[in-house]
Amino acid sequence: MANEEVKLFRTWSSPFGLRIVWALKLKGIEYETVLEDLSNKSHLLLQYNPIHKKIPVLLHNGKPIVESLVILEYIDNTWEQIPILPQDPYERARARFLAKFGDEKLLSSIWSVFVKQGKEQEEAIGSAWENLKILEEELKGKKFFGGDTIGFVDIALGWTVNLIGILEEIIELKIVDEEKFPLLCAWMQDFADVSIIKDNWPPHDKMIAKFLAIREPYLAGSK
Amino acid sequence: MAEAVVLLDVSLSPFGSRVRIALAEKGIKYEYKEEDLKDKGTLLLQMNPVHKKIPVLIHNGKPICESLIIVQYIDEVWKDKSPLLPSDPYQRAQALFWADFVDKKIFDSGKKIWMNKGEEQEPGKKELMESLKLLEGELGEKPYFGGENFGFVDVALLPLYSWFYAYETYGNFSIEAEFAKLVAWAKRCMERESVLNSLPDKDGVCKYCLNGRKSAGIE
């Protein structure tokens, strides 16, 4: 479909924005990127997402779609080549469930490990491991969550591949260790090797600096 | 072909109610199992080991969890009757967005009201009223959020409407006075047969909230 205007409003680092990059690139969709500075949101962003005022926002022929998982479904419904969601309704429900689990329970447990210290951090690690075990189970017999190629769940959980490593480097603690999570570690490597993923990671040093700064107030609070 | 459909639920749950409405809209026969959340059954723990929550739909032995995901599943499997989501991708995305908005903004704000008292209720009240204003704006002049037809967002919001009476009672304020369009919308929805026996009983909800307040020592 020619002459379709596709614009993606995102930031340089947000994993939610990156999901949309991956989906668009996977389907071979041409688009324009608008990089936002969240401390100084553009009037266009506020116009297209007045309710949440967040990125990512996908603009397709002038119409905005917001909330990254909603955007992924929209992309899959609109451009049917290389489907992201499975065909079977039960598998689709499972994929949506895992994506939501990743965004809610898993993300908050990983974040707790990052910002807490001492005994609280130990407990947070326990919770994070319980949540990671669910992903480990899900990968049994599969290379990717989507099977032989990446799909909705891989894209939705892709934030783990980049962000967890950054956080682990800062706190000098391994959360996803290979002994406990062999399949997950293999998946992370395979996912990172996919060309559309590899070519779009945010710069490593910039990410370290960003999350070091985010962690500061939590450290100060504990002194 | 008889398909085994089982719903693990709790009658007062607005989330379970969404699934009951969707099943009724599609005319699906199912077995209902009321759970005791203080003493969760083996089946529930087996079918939803991740969250251990209701509702859980079990279809031919396979579990589907999270109420909006279940409703979307029902819509996709029994697609020939009473479609709940629009077929147009953009309209569909709008419906998914607003259902997600309802999920994020209503129940938790409501809880901040009935689990608190006096001044501490103010943030919850403010959030709730702001969210309802946005929802009423989205409804506009349409009979349903789904347009001419009862749809996904209607299913998402309607059971929460049954909890408004409890919010109003313990928050000592009136939602109905401010949102005439939503009241009219709810009345219209409640005329549907699918909705009649599927909504949480508002007096039961009040009792539940009262017990919560007593346990928290605020009543």
Side-chain angles (χ1 to χ4, degrees), chain A residues 1 4 6 20 48-54 56-80 85-106 109 127 130-138 152, chain B residues 3 5 19 22 26 47-53 55-79 85-105 108 127 130-135 137-138 152-153:
Chain A
M1 279 196 264
E4 287 199 68
V6 183
I20 314 304
Y48 292 134
N49 192 358
I51 291 174
H52 298 307
K53 306 176 176 50
K54 287 180 176 180
V57 176
L58 187 77
L59 197 69
H60 183 208
N61 292 332
K63 297 199 283 197
I65 304 100
V66 310
E67 291 298 300
S68 62
L69 297 180
V70 174
I71 298 173
L72 288 180
E73 295 222 18
Y74 175 81
I75 290 173
D76 216 30
N77 290 331
T78 305
W79 292 278
E80 289 171 356
L85 273 164
Q87 296 301 307
D88 171 70
Y90 181 76
E91 296 304 320
R92 287 163 82 86
R94 185 79 189 149
R96 289 171 181 136
F97 176 85
L98 288 167
K100 193 166 191 242
F101 166 76
D103 275 1
E104 293 172 4
K105 220 167 175 193
L106 179 64
S109 65
S127 293
E130 258 181 55
N131 292 328
L132 289 165
K133 253 191 227 140
I134 289 158
L135 299 188
E136 182 75 14
E137 276 296 308
E138 194 67 25
F152 189 81
Chain B
E3 293 193 62
V5 182
V19 180
K26 304 270 185 180
M47 292 285 140
N48 191 358
V50 176
H51 301 301
K52 306 175 177 55
K53 285 181 175 179
V56 178
L57 189 77
I58 309 172
H59 184 203
N60 292 332
K62 298 200 285 193
I64 303 99
C65 309
E66 297 293 300
S67 61
L68 292 180
I69 293 177
I70 299 172
V71 175
Q72 210 172 346
Y73 173 82
I74 289 170
D75 205 40
E76 288 179 1
V77 173
W78 289 276
K79 55 180 183 278
L85 275 165
S87 49
D88 170 71
Y90 184 72
Q91 300 301 333
R92 210 178 172 84
Q94 294 303 99
L96 289 173
F97 170 81
W98 282 104
D100 175 70
F101 177 85
V102 169
D103 246 9
K104 288 187 164 102
K105 299 285 188 178
D108 289 346
E127 275 171 34
E130 276 170 13
S131 302
L132 292 177
K133 194 161 177 222
L134 287 168
L135 281 165
E138 172 58 20
F152 195 72
V153 182

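Keep in mind that the numbers below use all heavy atoms, side chains included, and drop hydrogens, waters and symmetry copies. Naming convention: chains lettered A, B, ... in sequence-line order (proteins, then strands); numbering from 1 in each chain.
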With a 4.5 angstrom heavy-atom cut-off, which part of A:Ile71 approaches chain B: side chain, backbone, both or neither? neither

What part of A:Pro64 gets within 4.5 angstrom of chain B, counting heavy atoms only: side chain, backbone, both, or neither? both

Report the C-alpha distance between A:Phe101 and B:His51 in whole Å, list the side-chain angles of each, state the deciding distance to 0.1 Å, and finish with yes or no for side chain to side chain contact (heavy atoms under 4.5 Å, CB included). CA-CA 9 Å; A:Phe101 166 76; B:His51 301 301; 4.2 Å; yes

Could you pull out the closest heavy-atom pair between [X] and [Y], with the gap in Å?
{"X": "A:Ala93", "Y": "B:Tyr73", "result": "CB-CD1, 4.0 Å"}
{"X": "B:Pro89", "Y": "A:Tyr74", "result": "O-CD1, 3.4 Å"}
{"X": "B:Asn48", "Y": "A:Phe97", "result": "OD1-CZ, 4.5 Å"}

Counting only heavy atoms closer than 4.5 Å, note whether B:Pro49 contacts chain A via side chain, backbone, both or neither. neither

By a 4.5 Å heavy-atom criterion (distance strictly below it), what part of B:Lys105 contacts chain A: side chain, backbone, both, or neither? side chain

For the candidates A:Arg94, A:Glu130, A:Lys100, which exhibits the highest count of non-hydrogen atom pairs separated by less than 4.5 Å from chain B? A:Lys100

Tell me, out of A:Ile51, A:Ile65, A:Ile75, who's got the most heavy-atom pairs with chain B below 4.5 Å. A:Ile51

For chain A, find which of B:Gln72, B:Arg92, B:Glu66 contributes the most heavy-atom pairs closer than 4.5 angstrom. B:Gln72

Between B:Val77, B:Leu96, B:Ile69, which has the largest tally of heavy atom pairs under 4.5 Å with chain A? B:Ile69

Apply side chain to side chain donor-acceptor pair (under 3.5 Å) to B:Glu138 and list each qualifying residue two or more places apart in sequence or on a separate chain. B:Trp98

Once side chain to side chain donor-acceptor pair (under 3.5 Å) is applied, do any residues pair with B:Lys53, and if so which ones, sequence neighbours excluded? none

Please check if the side chain of A:Lys105 supplies one atom and the backbone of B:Val50 the other of a donor-acceptor pair under 3.5 Å. yes

Which word best sums up how the rings of A:His52 and B:Phe101 line up, parallel for under 30°, tilted for 30 to 60°, or perpendicular for over 60°? tilted

Salt-bridge test for B:Glu76 and A:Arg96: reply yes if a basic N is under 4.0 Å from a carboxylate O, no otherwise. yes

